[in-house]
There are 2 protein chains.
Amino acid sequence: MEAIATRGIALPGGRRAGAPPRQLLRDVSADRGACPNCNLLRLCVPVGFEPDVRQLVDQLVAKRMRLRKGDTLFRPGERFTTLYAIRLGSCKTVLLAEDGRDQVSGYHMAGDIIGTDGIARELHECQAIALEDTEVCAIPFARVEELSRASLQVLRNVHRMLATEIARDRHVMLMLGTMRADQRLAAFLLDLAQRYHARGYSSSEYVLRMTRDEIGSYLGLKLETVSRLLSRMHREGLIQVQGRTIKLLDPVGLKSLVETSQ
Amino acid sequence: MEAIATRGIALPGGRRAGAPPRQLLRDVSADRGACPNCNLLRLCVPVGFEPDVRQLVDQLVAKRMRLRKGDTLFRPGERFTTLYAIRLGSCKTVLLAEDGRDQVSGYHMAGDIIGTDGIARELHECQAIALEDTEVCAIPFARVEELSRASLQVLRNVHRMLATEIARDRHVMLMLGTMRADQRLAAFLLDLAQRYHARGYSSSEYVLRMTRDEIGSYLGLKLETVSRLLSRMHREGLIQVQGRTIKLLDPVGLKSLVETSQ
DNA sequence: CGCCGTCTTGACGAATCTCAAATAAAGTGG
DNA sequence: CCACTTTATTTGAGATTCGTCAAGACGGCG
């Protein structure tokens with residue numbers, strides 16, 4: 001079981017699988033990752049209710065798609081028809097303004113559902129790009145709507161999914177609006193740790209999938225600032241940085257840094 | 001018709017109606033304000049379809065409530081049961097973090113629907129406070145869910161409402177993450193103008209309902225910075241400021257300020 | 001092995017915040 | 001309606017944070 005899931009990470013398609021930085025994620029019990037705790041399931045089958053709905057869930061996923069690092073899943077202006085559940089890998093979403101301004105608006109990992117930005121105007125408003133080789137399940141939104149009408153559970157979970165995204169965005173706004181650079185970065189590192197943890201991975205050590213520039217964009221900082229702060233936190237013993245490998249040495253210290261009022 | 005609607009603005013309850021700063025909003029054809037273009041209607045009755053649904057809409061609104069300036073509509077931790085459509089007046093929503101950090105997360109005016117932050121966890125996560133005497137319609141969310149199952153139109157509009165909120169938040173994130181202080185303020189002033197315009201009011205002159213401190217909080221700035229920038233924009237002929245009364249003298253200039261790449 | 005994208009680090013400057021004081025406006029009670 | 005209190009706003013000077021520019025180091029990939 002675990003072996004199968006682990007092998008699943010090695011993507012076919014002509015690229016060497018299991019590249020070095022992936023190692024950290026490899027040695028973790030894999031059956032807690034990917035599908036079993038995919039938010040899609042939570043979306044439709046909350047506590048095991050309505051067993052007949054479970055069949056519909058299977059019908060929900062139209063197809064699976066493989067993305068290679070750098071591939072675009074959807075881009076602004078494209079017609080919105082489907083949501084995507086990330087099965088394996090990770091993506092960033094990038095917001096692009098008319099004036100050329102752009103910002104990484106989210107970092108999404110296995111189990112996350114992306115594409116909701118398209119619901120508002122039936123057009124995608126951001127670009128989703130794979131940060132590594134990635135597999136996603138395509139979920140036609142029309143089917144979600146059908147299911148929502150068939151089942152109150154599903155309806156509620158769709159609402160919850162959207163509302164949770166609102167809550168998450170608000171949290172980011174709070175971060176961007178009230179925190180200093182070092183606090184934002186600490187909050188970001190802790191958030192990643194928590195999300196990896198929720199997926200069964202180590203919460204104290206992980207590999208960043210984003211460049212310093214992308215992290216900076218997400219946090220409203222310049223890449224030099226991100227780099228400097230990582231170095232400083234390393235110097236101060238809060239974390240250990242080696243390239244994109246991060247070890248949280250003092251999560252409590254990081255938390256208190258975030259919560260420092262000033 | 002207009003007279004009635006205008007009189008509607010004068011709230012009863014022992015407070016002198018038509019206080020000075022309200023004057024600007026008075027002389028505008030009032031039948032475009034309040035209910036007729038309330039997002040609640042858009043929520044349920046998009047293009048006149050399904051006339052039987054219209055009855056349900058009336059049933060949607062459980063009751064109307066009057067708030068006096070400073071009153072709290074809901075607060076963090078409170079159980080979420082209803083959404084609120086602002087009929088008259090305006091509210092701010094304030095996000096409160098555990099560590100005491102807080103931020104104005106939104107400014108909401110007539111026609112807006114607030115309370116969606118409670119959907120995710122069935123608890124409100126922010127506090128809604130009336131910025132002036134305000135009337136709201138309470139919409140039990142359970143009824144929204146019922147209606148959503150009865151009508152695909154309604155379902156879609158609920159989704160759209162939530163997704164639109166996500167899109168708006170993303171826009172704010174972009175602002176907080178990539179703009180300088182003066183650009184944020186200019187964007188804010190233009191956004192207000194556009195929203196007043198959409199409600200049938202002047203798009204070039206309006207009265208701020210928030211203090212400098214609240215504006216600063218929303219924009220991730222300090223009140224002194226907001227004040228200084230307003231003074232500077234006034235000096236430069238972009239706007240005219242007199243207390244909370246704002247006149248946009250050069251909206252094009254403001255737009256180009258926002259879009260300046262640097 | 002060498003190129004290219006990424007990352008680190010330093011020096012400097014600009015933007016924004018902090019602290020402080022004065023002024024203006026709004027609310028309160030007589 | 002006025003005097004008084006409180007709150008909001010403006011403005012300045014100085015400190016701090018963060019961005020900009022620039023140079024060099026690192027590391028993966030062809």
Query - B:Tyr201 and B:Tyr196 aromatic ring geometry - parallel, tilted or perpendicular at 30°/60° bounds - result: perpendicular
**Report entry** Residue pair B:Glu132 / B:Ser90, side-chain donor-acceptor N/O under 3.5 Å
**Finding:** yes
Query raised in the report: In terms of the nearest nucleotide of DNA chain C, which residue is placed more toward the 5' end: B:Leu229 or B:Glu224?
Result: B:Leu229
Requested in this report: Could you tell me the separation between the NZ atom of B:Lys222 and the C1' atom of D:dG12, rounded to a whole number of Å?
Outcome: 19 Å
Query raised in the report: So what does A:Ser231 hit on the nucleic acid, given a heavy-atom distance under 4.0 Å: a base, only sugar-phosphate, or nothing?
Result: sugar-phosphate
Requested in this report: Rounded off to whole Å, could you give me the CE-to-C1' distance for the B:Met179 and C:dA15 pair?
Outcome: 17 Å
Report task. Send over the distance from B:Lys69 NZ to D:dA8 P, rounded to a whole Å. Result -> 8 Å
Report task. Let me know the distance between CZ of B:Arg232 and C1' of D:dG12, rounded to the nearest Å. Result -> 16 Å
**Report entry** Separation of D:dT17 P from B:Arg180 CZ (nearest whole Å)
**Finding:** 22 Å
Requested in this report: Please tell me which of the listed nucleotides, C:dC17, D:dT9, D:dG19, lies nearest to the side chain of B:Thr225?
Outcome: C:dC17
**Report entry** Worked verdict on B:Arg64 versus B:Glu135 for salt bridge (Lys or Arg N to Asp or Glu O under 4.0 Å)
**Finding:** CA-CA 7 Å; B:Arg64 291 193 177 147; B:Glu135 268 184 68; 5.5 Å; no
Requested in this report: Give a yes or no on this: more than 12 heavy atoms of other residues, nucleotides or ligands lie within 6.0 Å of atom NE2 of A:His171.
Outcome: no
Query raised in the report: For A:Gly220, which contact category applies under a 4.0 Å heavy-atom criterion: base, sugar-phosphate, or nothing?
Result: sugar-phosphate
**Report entry** B:Gln242 CD - D:dT9 C1' separation (whole Å)
**Finding:** 13 Å
Query raised in the report: With a non-hydrogen cut-off below 4.0 angstrom, is A:Arg244 in contact with a base, only sugar-phosphate, or nothing?
Result: sugar-phosphate
Query raised in the report: Roughly how many Å is it from NE2 in A:His234 to C1' in C:dT9, rounded to a whole number?
Result: 15 Å
Query raised in the report: So what does A:Leu221 touch, heavy atoms closer than 4.0 Å: a base, only the sugar-phosphate, or nothing?
Result: sugar-phosphate
**Report entry** Residue whose nearest DNA chain D nucleotide is more 5′ - B:Thr211 or A:Asp182
**Finding:** B:Thr211
**Report entry** Side-chain donor/acceptor of B:Arg228 to base of C:dT18, under 3.5 Å
**Finding:** yes
Requested in this report: May I ask you to decide whether A:Arg66 forms a salt bridge with A:Asp71, counting only side-chain N to carboxylate O separations under 4.0 Å?
Outcome: no
Report summary line: Here the distance between atom C1' of C:dT6 and atom CG of A:Leu208, to the nearest Å, is 13 Å
